[in-house]
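The first residue of the sequence shown is numbered 1, and numbering continues consecutively from there. Just so it is clear, the structure is predicted and the values come from calculations on it, not from any experiment.
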Amino acid sequence: IVRRGALSSTPCQIAMISSSKRKVYHKLQTKSLLCLLISLIKVSNIVRSFAFVPKSLSFGVPSLTRGRRKGGTKLSAKDTSSSFSEESLTTRISPTTRFGPFGSGGTVVGFSKYPGVRRAFEENFAQRLELGSQLVVYKEGQKVVDLYGFAPETIVDGKTNNNYDGDTLQVVASSGKNMEAIAVAMLVDRGLVRYEDPVQKHWPEFGANGKSQITIADVMRHAGGVPFVLESSSQTTTIPITTRDILEVIPMEKKICNAPKHPPTMGSSVCYHAFTRGFLVNGILRRVDPSGRSLGRFLKEEVTDPLSKQTNEPVKFFCGIPTEDQADHTFAPLTIGSKLYTLVVQVLPALLGFNPQLAAYLRWIFLRKDGFRGVARAVVFPYPTPTLLDYASTPEGRSIEFSSAAMHANARSMAQINALAMAGDGSLNGVNLLGAKSVEASMGGVQTANDSATGLTLGFTRGGYCRFSESFRSEHVRDNALFHPDDETAYGNFVGWGGVGGSLSLVDRKRNISFAYCPNGSGFDALWGIRTRRILLELQRALAE
């Protein structure tokens with residue numbers, strides 16, 4: 001029996017309103033536990049198949065819980081916030097549930113113009129959905145939200161509860177793809193390339209094996225033809241890219257140039273370049289930049305360093321941090337949530353029909369044999385760090401220029417750069433990265449296609465940003481079962497992208513909003529999780545007033 005006005009997080013989290021019904025509840029609970037034990041045995045093969053998924057994903061709680069958390073705070077539909085203070089406030093959060101994938105409550109520090117946004121951020125800690133996380137929002141160039149929080153279990157630089165704050169760096173996975181898009185927009189702004197240029201115009205070797213007609217815009221829309229490297233005579237045999245290839249650059253670029261185009265004919269289907277889009281951008285940039293710089297060096301010298309000098313605050317968004325410089329920063333590694341919790345509280349209920357979004361994802365993961373398999377094997381990581389998230393937390397992993405999947409940042413820097421290069425006119429705080437027309441050009445030319453790697457129908461601009469509203473058009477709803485019904489409202493007019501583990505990098509150009517969220521508790525919510533959905537819904541409510 002659910003408390004009036006509340007939605008339970010899972011079928012097992014039931015709020016009892018009458019002591020007379022507790023006996024019935026305990027009998028049901030006992031039967032449920034027996035059913036779960038039987039189900040555990042039946043799905044053992046599925047659990048063994050999780051060799052790839054749980055090491056990088058832990059599925060988020062499927063629904064939004066409304067109501068009072070300890071201390072009497074209640075989520076509200078409206079907030080009055082005509083004025084606000086940037087004075088930092090500290091809130092201690094007690095957990096409201098006994099079980100969760102991550103920490104036990106935590107501490108939230110910072111300010112928010114929108115009280116509902118802060119309460120939503122705190123609610124994630126109350127429901128044990130967070131370790132450390134950061135949330136920053138700009139509106140019309142002004143910072144209106146700057147929050148960070150940490151559970152007692154948060155690990156920073158190898159130590160538990162060791163000074164996590166708003167400057168702490170963490171892996172932002174595919175949220176780094178927005179930085180690739182910004183770099184290409186700057187090249188276009190300077191007249192070094194055009195979006196409609198064939199890649200081979202600037203990188204002749206790339207055009208081999210059917211790739212001569214691929215344009216820079218195609219690359220940015222994930223139609224670049226190399227989501228993974230295949231043997232030149234095959235569309236099925238994958239040649240993995242190694243981390244040594246990436247470090248040395250030339251071996252990796254040779255593999256990309258020799259690869260046949262995939263899919264062979266693009267049509268209305270593309271294949272998400274989860275790991276490789278940044279390699280293609282880097283190959284183009286190195287050849288057209290007058291100084292021959294790499295993507296990581298270009299971003300540092302042209303974006304983050306100028307912003308840091310102008311604002312007198314360090315802007316930290318790194319595509320490769322030299323080993324000798326890593327001691328100057330603090331790092332919070334992406335941490336996987338409880339596998340037992342994932343299985344018992346999330347996966348099994350999904351298989352029993354209680355969470356259609358997660359059930360759709362599981363079917364897609366285990367039944368698909370096309371793009372996802374190739375993308376998952378595109379890059380191999382060295383022992384003893386077999387997954388991307390393991391490798392990215394090592395000194396070498398932090399030093400590598402792996403823009404599509406392993407950049408390190410904090411939410412403050414991410415939101416500030418987004419406000420400068422994506423949300424506004426290309427200038428902020430006295431720094432001018434690119435002209436307003438170039439910003440607008442990067443946001444136009446949306447093409448919508450079904451993606452064989454993600455299973456989603458997505459609309460990407462010529463500059464490489466995802467326009468989420470395309471996914472919620474009526475003709476695409478059946479293709480996008482992974483999205484929650486509330487995601488259409490949550491994402492609204494936002495453009496950008498997110499990363500495995502939960503990071504989210506977005507802008508709303510109509511309202512000049514920049515949004516950045518960086519967690520280090522790795523959850524199954526790259527684009528559809530409860531943590532960011534809850535926050536985005538409250539932000540949309542506040543902005544609508």
- [ ] Give the C-alpha distance, both sets of side-chain angles, the deciding distance and a yes or no for side chain to side chain donor-acceptor pair (under 3.5 Å) between Gln540 and Thr489.
- [x] CA-CA 8 Å; Gln540 295 284 14; Thr489 302; over 6 Å; no
TODO: Kindly indicate, with the supporting measurements, whether the criterion side chain to side chain donor-acceptor pair (under 3.5 Å) is fulfilled by Arg118 and Thr91.
DONE: CA-CA 10 Å; Arg118 179 171 188 134; Thr91 310; 3.0 Å; yes
Open item on the list: I'd like to know whether Arg119 forms a salt bridge (Lys or Arg N to Asp or Glu O under 4.0 Å) with Glu122, so could you lay out the CA-CA distance, the side-chain angles of the two residues, the decisive distance to 0.1 Å, and finally the verdict.
Closed with: CA-CA 5 Å; Arg119 289 196 293 269; Glu122 292 174 352; over 6 Å; no
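Of the charged side-chain nitrogens involved, at least one lies within less than 4.0 Å of a carboxylate oxygen, so that Arg412 and Asp146 count as a salt-bridged pair. A salt bridge links Glu130 and Arg531; the closest N-O separation between the charged side-chain nitrogens and carboxylate oxygens is under 4.0 Å. Comment: Arg277 engages Glu180 in a salt bridge, judged by a side-chain N to carboxylate O separation of less than 4.0 angstrom.
A donor-acceptor pair under 3.5 Å is absent between the side-chain atoms of Asn520 and the main chain of Leu334, judged by distance alone. Not one N or O on the side chain of Thr335 forms a donor-acceptor pair closer than 3.5 Å with the backbone of Gly521. Distance alone, capped at 3.5 Å, places no donor-acceptor pair between the Glu140 side chain and the Ile513 backbone. Remark: side-chain polar atoms of Asn410 are paired, donor with acceptor, to backbone N or O of Ser413 under 3.5 angstrom. A side-chain donor-acceptor contact under 3.5 Å links Gln134 to the backbone of Asp165. A distance-only check finds a donor-acceptor pair linking the side chain of Ser471 to the backbone of Thr457 [under 3.5 Å].
No side-chain heavy atom of Phe331 sits under 4.5 Å from any side-chain heavy atom of Gln170.
Judged by a 6.0 Å distance limit and a 45° cone about the ring axis, Arg398 is not positioned over the six-membered ring of Phe318.
A side-chain donor-acceptor contact under 3.5 Å links Ser505 and Asn418. Under the 3.5 Å distance criterion, with hydrogens and angles disregarded, no donor-acceptor pair is assigned to the side chains of Arg509 and Asn493. In summary, the side chains of Tyr114 and Glu545 do not present any donor paired with an acceptor at a separation below 3.5 Å, with no hydrogens or angles considered.
Taking every heavy atom of both residues into account, Gly498 and Ser174 meet most closely at O-CB, 3.3 Å.
Partner of Val344 under the side-chain contact (heavy atoms from CB on, under 4.5 Å) criterion, out of Val347, Leu340, Thr342: Leu340 alone.
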